[in-house]
Amino acid sequence: CGACGSEEAKYRCPACLAHSCSLLCVKKHKEDLGCSGVRNKTAFVTLSQFDEMALLNDYRFLEDTGRFADSATRDNLIRTPRATFKAKRLAANARKMNITLRFLPITFTKSRENSTIFHAKEKLFLWHLKLIFPQSSTEFSQRRVSDKQTLEQILTHYIHPTESDPVTRQKLKMYVHTPFDHVNVFMKAEGRKANSVRYHELDIHRSLRDNLSYKTLIEYPVLHVVLRDHWKDYPLKGPG
């Protein structure tokens with residue numbers, strides 16, 4: 001026994017192959033070595049050590065993988081987009097503004113964090129909004145942003161030299177020291193293949209509602225705020 005050193009070993013750890021004689025020694029070896037006791041199913045095995053047991057282990061691993069994939073396709077919670085009354089009403093009101101609003105299954109983080117509401121009396125959206133500032137490797141999420149605000153008004157809180165939040169201003173120095181006309185806002189065009197990513201170029205002087213019109217959103221708007229030297233990294237979606 002590798003733990004007590006006095007009794008004959010009866011067990012071998014699947015993870016580290018250490019020998020032990022009893023449950024007490026099994027627990028002791030896990031504590032001493034920080035061992036999980038769980039076999040690494042993807043560990044490399046040389047051809048000279050590849051025996052029938054290794055083959056059986058690989059076969060069982062593939063079976064487990066197949067079962068997991070099959071259960072995911074059968075789980076309605078994982079694959080079914082949200083279809084609650086609130087989601088349907090949001091989508092219907094978005095259509096009236098020429099916005100295609102789609103929803104993810106509730107298991108997705110983007111679905112759970114979406115705080116968007118529609119104010120029926122005022123007939124406006126209060127969007128959950130994510131702003132990504134790639135040149136500062138920073139992003140912010142803002143709740144209940146009125147669709148009547150222009151993008152310039154929204155960005156003022158972040159990158160205006162005097163009116164922005166001081167803490168935020170510190171994180172976004174590169175943007176704060178850049179003229180507004182050297183800053184552009186892009187939004188990813190949804191529904192395209194992963195190898196053909198394109199973006200919509202938004203008008204910083206127009207309202208959020210106008211900018212979202214005739215576009216598709218997944219849950220809520222995600223805007224990329226980009227400095228002039230990097231505009232070329234955001235290829236634009238063609239007309240139609």
Side-chain angles (χ1 to χ4, degrees), residues 1-84 86-87 101-116 128-143 171 188-199 216-222 224 233:
C1 174
C4 66
S6 57
E7 299 293 331
E8 183 181 352
K10 298 178 182 178
Y11 312 106
R12 188 175 71 169
C13 176
C16 67
L17 306 181
H19 291 85
S20 53
C21 66
S22 63
L23 180 60
L24 190 65
C25 284
V26 169
K27 290 181 178 178
K28 186 175 186 302
H29 113 269
K30 286 182 179 180
E31 292 172 0
D32 292 347
L33 301 178
C35 179
S36 66
V38 179
R39 181 178 67 86
N40 182 0
K41 297 179 181 180
T42 59
F44 175 74
V45 179
T46 62
L47 191 60
S48 60
Q49 295 177 320
F50 195 84
D51 53 16
E52 288 186 5
M53 183 57 69
L55 178 63
L56 183 60
N57 287 335
D58 282 357
Y59 180 75
R60 287 172 177 165
F61 176 68
L62 291 173
E63 278 191 324
D64 289 343
T65 304
R67 277 195 295 270
F68 180 80
D70 183 61
S71 65
T73 61
R74 294 171 184 267
D75 191 339
N76 288 332
L77 187 64
I78 292 176
R79 63 187 177 89
T80 305
R82 213 159 75 247
T84 61
K86 178 189 174 184
L101 181 57
R102 294 176 181 167
F103 297 96
L104 296 166
I106 200 167
T107 50
F108 282 69
T109 301
K110 195 173 182 181
S111 173
R112 294 196 300 270
E113 68 188 10
N114 188 1
S115 63
T116 299
H128 186 102
L129 184 66
K130 179 173 283 188
L131 294 165
I132 298 175
F133 297 85
Q135 279 70 68
S136 291
S137 302
T138 305
E139 63 180 51
F140 298 91
S141 288
Q142 191 173 338
R143 295 165 61 90
K171 293 180 180 179
K188 184 180 176 183
E190 301 293 352
R192 299 183 64 89
K193 294 180 180 179
N195 62 353
S196 180
V197 176
R198 293 293 183 272
Y199 294 87
T216 297
L217 300 179
I218 306 297
E219 292 288 345
Y220 56 78
V222 178
H224 299 256
D233 299 330

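Position 1 is the first residue of the sequence, and the numbers go up from there.
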Shortest non-hydrogen contact from [X] to [Y]?
X      : Y      : value
Val38  : Ala15  : O-CB, 3.3 Å
Cys13  : Gly37  : SG-CA, 3.8 Å
Leu104 : Ser111 : O-OG, 3.7 Å
Glu190 : Ile218 : CD-CG1, 3.5 Å
Asn114 : His128 : OD1-CB, 3.5 Å

Listed by chain and number, what are the side-chain hydrogen bond (donor to acceptor under 3.5 Å, both in side chains) partners of [X], not counting sequence neighbours?
X      : result
Asn40  : Thr42
Glu52  : none
Tyr199 : none
Thr65  : none

Could you work out, with side chain to side chain contact (heavy atoms under 4.5 Å, CB included) as the rule, every residue matching Gln135, not counting sequence neighbours? Met174, Tyr175, Val226, Leu227, His230
Listed partners of Thr46 passing side chain to side chain contact (heavy atoms under 4.5 Å, CB included), at least two apart: Phe44, Ser48, Gln49
Candidates Lys110, His224, Glu113 - the one meeting side chain to side chain contact (heavy atoms under 4.5 Å, CB included) with Lys130: Glu113
Mind running side chain to side chain contact (heavy atoms under 4.5 Å, CB included) on Thr216 and Arg102 for me, showing each step along the way? CA-CA 7 Å; Thr216 297; Arg102 294 176 181 167; 4.1 Å; yes
Side-chain donor-acceptor distances from residues 136-143 under 3.5 Å, at least two apart:
residue, atom, partner, partner atom, Å
Thr138, OG1, Ser136, O, 2.7
Gln142, OE1, Tyr158, OH, 2.7

Report the residues that fulfil salt bridge (charged side-chain N to carboxylate O under 4.0 Å, His left out) with Lys171, sequence neighbours left out, ordered by chain and then residue number.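 With neighbours one apart ignored, the set is empty.
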What is the distance from atom SG of Cys16 to atom CZ of Arg39, rounded to the nearest 0.5 Å? 14.0 Å
Backbone N/O of Thr107 and side chain of Arg112: donor-acceptor pair under 3.5 Å: yes
So Val222 and Tyr220, side chain to side chain contact (heavy atoms under 4.5 Å, CB included) or not? Walk me through it. CA-CA 7 Å; Val222 178; Tyr220 56 78; 3.8 Å; yes
Pairs touching residues 5-15 that satisfy side-chain hydrogen bond (donor to acceptor under 3.5 Å, both in side chains), sequence neighbours left out: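 Checked against side-chain hydrogen bond (donor to acceptor under 3.5 Å, both in side chains) - neighbours excluded - no pair reaches residues 5-15.
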Of all pairs that satisfy side-chain hydrogen bond (donor to acceptor under 3.5 Å, both in side chains), the ones with a partner from residues 26-35, not counting sequence neighbours: Lys28-Asp32
Hey, can you pull the donor-acceptor pairs under 3.5 Å for the side chains in residues 54-61, sequence neighbours left out?
residue, atom, partner, partner atom, Å
Asn57, ND2, Met53, O, 3.3
Tyr59, OH, Glu63, OE2, 3.4

